[in-house]
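Worksheet: one structure, shown below.
FYI, the numbering just counts along the sequence from 1. The basis for the numbers below is simple: all heavy atoms, side chains too, and nothing from hydrogens, waters or symmetry mates.
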Amino acid sequence: HRGNLQWRPDKPATLVWRINAKKGTTDYKASIYQQEAPFTEPQQLVVRLPMSYEALYWCNDSLAVVKMAKSKRAKYISAFNPSDNGAGLTPIANFHTHDYYNLPDRPVMVTNQYGRKVLWTNEQSNEILFTSKGYIPNGQVPKLLLYKIGETGHKVAWESKAPYFEDIVAPINPTERIFVTARESLDEPKNYYLSDLKNDTREAITNLTEQYPALKGIKCEIMNYKRADGLPLKSTVYLPADYNPTRDGKLPILMWGYPR
């Protein structure tokens, strides 16, 4: 079965495609092939995949990254050299989709000389960057993760810092850690910045004002309680900014509930 026929983005005119292994094949699940225009030469094997194919990110002649699935939840990210089909795969990361605290999100992509999106890497082609939603037990802290090819684990190249919630929107110069970011806080509406994440400096791109000024400063609390039959429940309560329970007493409440 052939699938995912596409142009290789780091080449002027090279087609790549996947062929799934025949039933009964035990040493690999799929193969990636390529053929360069004008398509008079035979197709070339690029790499064999030991697990089910999910996504492929091209970078240059010496680096590409593939995402594979061992099962519905177990995912693997590996690098390979497109110019050496005998080199095999180099593991970068493996994770479980239920492990929200350690999930990488998207690889950082840049536009190359052909106007196509390819993986960012450093001059040595041994580093890549992934964004991460940064789930933690009490919320989210978006991160930028640095992976070194041939090394296990990752380093946190940057993370959002309180009191702001800041997320990466687009790369400008990933080598220097310059990105467009969106930043907001409880007191400041979301705005976009040209951010130097290495030196922690920002230049505002937009100057958006509060869309709902009447809601500015409202308080949010989590209430844990038990239903009459003993089932534990949790509610999110929003209170007016200047609410004082001693002074103001009980307030009318608008409730919204939903089944799980």
Side-chain angles (χ1 to χ4, degrees), residues 3-4 6 8-10 16 18 20-21 27-32 46-110 112 117-137 139-160 166-171 173-177 179 181 197-198:
N4 282 39
Q6 59 184 268
R8 184 169 155 178
D10 62 320
V16 293
R18 181 186 81 250
N20 292 335
D27 54 338
Y28 65 93
K29 294 286 186 183
S31 302
I32 305 296
V46 180
V47 68
R48 293 203 191 277
L49 307 180
M51 289 171 267
S52 298
Y53 167 92
E54 286 210 343
L56 185 57
Y57 306 103
W58 297 93
C59 183
N60 54 36
D61 278 333
S62 61
L63 178 62
V65 168
V66 63
K67 181 181 178 183
M68 300 172 291
K70 191 173 184 179
S71 65
K72 188 175 180 180
R73 300 294 182 186
K75 311 294 181 180
Y76 288 75
I77 298 174
S78 295
F80 64 91
N81 184 342
S83 300
D84 184 358
N85 61 24
L89 298 171
T90 301
I92 296 175
N94 63 81
F95 52 91
H96 197 280
T97 55
H98 279 174
D99 183 12
Y100 296 109
Y101 300 154
N102 294 302
L103 283 179
D105 188 19
R106 305 183 311 272
V108 171
M109 310 288 283
V110 294
N112 66 5
K117 295 293 184 182
V118 293
L119 273 174
W120 170 85
T121 190
N122 58 345
E123 287 186 5
Q124 294 77 32
S125 293
N126 64 0
E127 293 181 353
I128 58 173
L129 291 166
F130 271 76
T131 59
S132 168
K133 295 186 184 301
Y135 291 109
I136 57 175
Q140 268 185 272
V141 178
K143 294 179 174 67
L144 185 64
L145 308 178
L146 175 69
Y147 291 88
K148 283 185 173 288
I149 310 301
E151 296 183 12
T152 56
H154 64 263
K155 294 179 181 177
V156 177
W158 168 85
E159 64 181 2
S160 178
E166 187 171 16
D167 206 359
I168 289 173
V169 176
N173 183 345
T175 302
E176 297 300 325
R177 306 294 186 260
F179 291 82
T181 64
L197 303 181
K198 186 185 292 185

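Legend: residues meeting salt bridge (charged side-chain N to carboxylate O under 4.0 Å, His left out) with Lys133, ordered by chain and number and at least two apart, are Asp105. Considering only residues two or more places apart in sequence or on other chains, Trp158 meets the side chain to side chain donor-acceptor pair (under 3.5 Å) condition with none of them. Applying the ring pair (Phe, Tyr, Trp, His ring centres under 6.0 Å) rule to Phe179 yields no partners; only residues at least two apart in sequence or on another chain are considered. The salt bridge (charged side-chain N to carboxylate O under 4.0 Å, His left out) test applied to Glu176 returns Lys198, not counting sequence neighbours. For Gln140, the side chain to side chain donor-acceptor pair (under 3.5 Å) criterion is met by no residue, not counting sequence neighbours. Partners of Lys148 by side chain to side chain donor-acceptor pair (under 3.5 Å), not counting sequence neighbours, listed by chain and number: Glu127. Scanning for salt bridge (charged side-chain N to carboxylate O under 4.0 Å, His left out) contacts around Asp10 gives Arg8, with sequence neighbours left out. Contacts of Lys70 classified as side chain to side chain donor-acceptor pair (under 3.5 Å), with partners at least two apart in sequence or in another chain: none. Here Gln124 pairs with Asn122, Asn126 under the side chain to side chain contact (heavy atoms under 4.5 Å, CB included) rule; sequence neighbours left out.
Heavy-atom minimum distance, Asn20 versus Ala30: OD1-CB, 3.7 Å. For the pair Ala157 and Leu146, the tightest heavy-atom approach, listed with the atom from each and the gap, is CB-CB, 4.3 Å. For the residue pair Pro104 and Ile77, the shortest heavy atom distance occurs at CG-CD1, 4.2 Å. In terms of heavy-atom proximity, Pro174 sits nearest to Val110 at CG-CG1, 3.8 Å.
Between Arg106 atom CZ and Ser132 atom OG the span is 10.5 Å, to the nearest 0.5 Å. For the atom pair Arg177 CZ and Thr175 OG1, the distance stands at 7.0 Å (nearest 0.5 Å). Note: Met109 CE to Ile128 CD1 = 10.5 Å, rounded to the nearest 0.5 Å. Of the inter-residue distances, the one linking Leu144 atom CG with Glu159 atom CD reads 11.0 Å to the nearest 0.5 angstrom.
Contacts classified as ring pair (Phe, Tyr, Trp, His ring centres under 6.0 Å) and involving residues 64-98 (residues at least two apart or in different chains) are given here: His96-His98.
Residues Ile32 and Val66 are not in side-chain contact: their nearest non-hydrogen atoms beyond the backbone lie 4.5 Å or more apart. In this structure, the side chains of Thr121 and Ile149 stay at 4.5 Å or more apart for every pair of heavy atoms.
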What side-chain donor-acceptor pairs closer than 3.5 Å can you find for residues 83-94, not counting sequence neighbours?
unit_1 : atom_1 : unit_2 : atom_2 : d
Ser83  : OG     : Asp61  : O      : 2.6
Asp84  : OD1    : Gly86  : N      : 3.1
Asn85  : ND2    : Leu45  : O      : 3.0

Anything under 3.5 Å between a donor and an acceptor, one on a side chain of residues 47-60, the other on a protein residue two or more places apart or in another chain? List them.
unit_1 : atom_1 : unit_2 : atom_2 : d
Arg48  : NH1    : Tyr28  : OH     : 3.4
Arg48  : NH1    : Ser31  : OG     : 2.5
Tyr53  : OH     : Asn4   : ND2    : 3.0
Glu54  : OE2    : Lys75  : NZ     : 2.6
Asn60  : OD1    : Ser62  : N      : 2.9
Asn60  : OD1    : Ser62  : OG     : 3.1
Asn60  : OD1    : Leu63  : N      : 2.9
Asn60  : ND2    : Ser125 : OG     : 3.0

